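Note that the coordinates shown come from a computational prediction; the quantities given were computed from them, not determined experimentally. Residue numbers begin at 1 in each chain, while the letters A, B, ... track the order of the sequences.
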Amino acid sequence: LDPPCTNGTNLLDYLNMPEVRKAIHIPDHVQKFELCNDEVNMNFKREYDTMKPQYQYLTSKIRGLVYNGDIDMACNFLGDEWFVESLDLRVLEKRRMWHQGGQVGGFVKRFQNLDLVTVRGAGHMVPEDKPGPALKMLVSFLFKKPY
Amino acid sequence: APAEDAITDLPGLNHTIGFRHFSGYLNGAQGKQLHYWFVESSRDPANDPLVLWMNGGPGCSSMEGLLAELGPYQVNVDGKTLRENPYAWNTVANVLFLEAPACVGFSYDPNDDCRTGDDETSLSNYLALQDFFLHKFPEYRKNEFYITGESYAGIYVPTLAVRVLKGQKDFTINLQGYAIGNGLSSYELNDDSIIFFAYFHGLFGDELWNRLVSHCCTGSRASKENCNFYNSYWPLCIKSVKEASDIVYNEGLNMYNLYDDCPTGTGGNFTRYEADLSNILRKHKHHSDLLQKTKERIVQLGEANLT
């Protein structure tokens, strides 16, 4: 089930080295490392169509961040934007650009207990595609600093 | 911290690191053993927040997160050595990578039972967290705690966060928040929006777009309220959506990064972040079957004048 258009050979090679397994305390009886397990995937019982009830509960209790690399098509930013908007949360800050490294990092809109952020030019794996902006975004969220 | 889980000599690590790291197992439900890899903050581990990270799938390993995305070291193309990641998240937080559910990566079930689902996964993850905070790293129980992840973790993260909050009476964790990147939050909205996304990015033109709007939307204006690309039963809508979906997912574009190359590698026909995609395909397969059966029936009936 490894994803198309990516190459995980280096991870497979590294994590399947006997000395690496030993260093990270993997018992001998444990299976060889695979990036994705097709048996798990095929048999997985998907019990939810939407996370709306969960978000409605969570946003009444704790802070959240929904972020999207804006050139991903597996879970695209527009769908998550629609989802967050559908929660009808109070808007704290209108949509605006945020910056990192002298460039536009993306866009942010802040709701009561939920920040909606895009990372410009990042795909599905945001911290890999745009590591600098991703770290800045994380810091802003964790430490309640402006994006 | 459990001395037996400490990583003392990591192969391929040729630079000095300023943090401690650990790898071992946490107890999930029914004896399941979930592999974790914990990297302490390189700044102030005692006071920095603790961030749990999970990759998606379902069925994919969070080692991708550690060794290719946000961890402090990343695997070089030689598959043997590691390089430093200056943007690692453990420069500001303690980061716990959890491989879940059982059978993913190095996690295992003692009975080799890999069948599971959303609820059992969130329960196992919750029990693993209890094991982490109660037995392995009790000194971190007071730290601010955040649950984060990517892709299908759009399901893992909220379901786990709800469990933690609802379980606070019995077991208190200092949960402060959650963060989800490119997460699956709604199949319907994800599938509806990708059609707009694809048209707005020029992946198909007006001819197909006009057919989509004409067959799948009410009124003449396309909007998220007016259009149903997700589960229409109108055959012409289904046909148009399939054409659009093929362009997005099946004709060689890199669905994870529209403007990046599509290198060949370990990738197969399916995807580790397939939650949304498999459902699109499954739905279309159902629709295609329906369409095909309808066509066959029409031919059988000899209803040549049917339009």
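The two atoms that bring A:M51 and B:G154 nearest to each other are CG-O, 3.4 Å, heavy atoms only. B:Y25 approaches A:H25 most closely through the heavy-atom pair CE1-O, 3.8 Å. Annotation for A:N10 and B:V75: closest pair ND2-O, 3.1 Å, computed over non-hydrogen atoms. Taking every heavy atom of both residues into account, A:P127 and B:E150 meet most closely at CD-OE1, 3.9 Å. Taking both residues in full, the closest heavy atoms of A:L35 and B:E64 are given as CD2-OE1, 3.7 Å, listed atom of the first, atom of the second, then distance. Counting all heavy atoms, side chain and backbone alike, B:C103 lies closest to A:N37 at O-ND2, 2.8 Å.
B:A198 does not touch chain A: none of its heavy atoms, backbone or side chain, sits under 4.5 Å away.
Taking a 6.0 Å sphere around CZ of A:F141, one finds it holds more than 12 heavy atoms contributed by other residues, nucleotides or ligands. More than 12 non-hydrogen atoms from other residues, nucleotides or ligands lie less than 6.0 angstrom from NZ of B:K224. Residue-environment remark: CZ (A:R90) stays at or below the threshold of 12 foreign heavy atoms within 6.0 Å. Atom CZ of A:R63 has more than 12 neighbouring heavy atoms from other residues, nucleotides or ligands inside a 6.0 Å radius.
Counting heavy-atom pairs closer than 4.5 Å to chain A, the top-ranked of the candidates B:D260, B:L82, B:V51 is B:L82. When the candidates A:H29, A:K52, A:K61 are compared by the number of heavy-atom contacts under 4.5 Å with chain B, A:H29 comes out ahead. When the candidates A:D13, A:L135, A:N76, A:T50 are compared by the number of heavy-atom contacts under 4.5 Å with chain B, A:N76 comes out ahead. Contact count versus chain B (heavy atoms, under 4.5 Å) is highest, among A:T118, A:V139, A:L114, A:L11, for A:L11. When the candidates B:L253, B:D112, B:T116, B:I7 are compared by the number of heavy-atom contacts under 4.5 Å with chain A, B:T116 comes out ahead. Taking A:A23, A:A134, A:P131 one by one and counting their heavy-atom pairs under 4.5 Å with chain B, the maximum is reached by A:P131. Across B:G65, B:A161, B:A68, B:G24, the residue that shares the most heavy-atom pairs under 4.5 angstrom with chain A is B:A68. Of all the listed residues (A:V66, A:V126, A:L138), the one sharing the greatest number of non-hydrogen pairs under 4.5 Å with chain B is A:L138. Contacts with chain A were tallied for B:G12, B:S186, B:G181; B:G181 has the most, counting heavy-atom pairs under 4.5 Å. Options B:V92, B:V104, B:N85, B:D9 differ in how many heavy-atom pairs under 4.5 Å they form with chain A, and the most are formed by B:V92. Contact count versus chain A (heavy atoms, under 4.5 Å) is highest, among B:H21, B:H35, B:E188, B:Q33, for B:H35.
A donor-acceptor contact shorter than 3.5 Å is absent between the side chain of A:E39 and the backbone of B:C114. Remark: the backbone N or O of B:N257 is not paired with any side-chain donor or acceptor of A:D72 at under 3.5 angstrom. A:Q31 contributes a side-chain N or O that, together with a main-chain N or O of B:G105, makes up a donor-acceptor pair within less than 3.5 Å. Of the possible donor and acceptor atoms, one in the side chain of B:D118 sits under 3.5 Å from a partner among the backbone N and O of A:E47.
Side-chain contact between B:I180 and A:Y55: present, with at least one pair of heavy atoms (C-beta onward) separated by less than 4.5 Å. In this structure, B:E120 and A:K45 have side chains that are not in contact, with every pair of non-hydrogen atoms separated by 4.5 Å or more. Contact of the A:F33 side chain with the B:E99 side chain is registered, since non-hydrogen atoms from C-beta on lie closer than 4.5 Å. Side chains of B:F106 and A:L15 form a contact here, defined as non-hydrogen atoms less than 4.5 Å apart. Residues B:S193 and A:F77 have side chains not in contact (no heavy-atom distance under 4.5 Å, counting atoms from C-beta outward).
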Checklist entry - What do the steps show when you test B:I194 against A:M73 for side-chain contact (heavy atoms from CB on, under 4.5 Å), and what is the final call? => result CA-CA 7 Å; B:I194 189 62; A:M73 300 196 293; 3.8 Å; yes
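Residue-level contacts of residues 78-85 of chain A with chain B, in order of numbering, are A:L78, A:G79, A:D80, A:W82, A:F83; threshold 4.5 Å between heavy atoms.
Side-chain contact annotation: B:N76 with A:Y14, donor-acceptor N/O pair under 3.5 Å absent.
In summary, the aromatic rings of B:Y152 and A:F44 are positioned with their centroids under 6.0 Å apart.
Tested against A:Q54, the residues B:V157, B:I155, B:V162 include a single side chain to side chain contact (heavy atoms under 4.5 Å, CB included) partner, B:V162.
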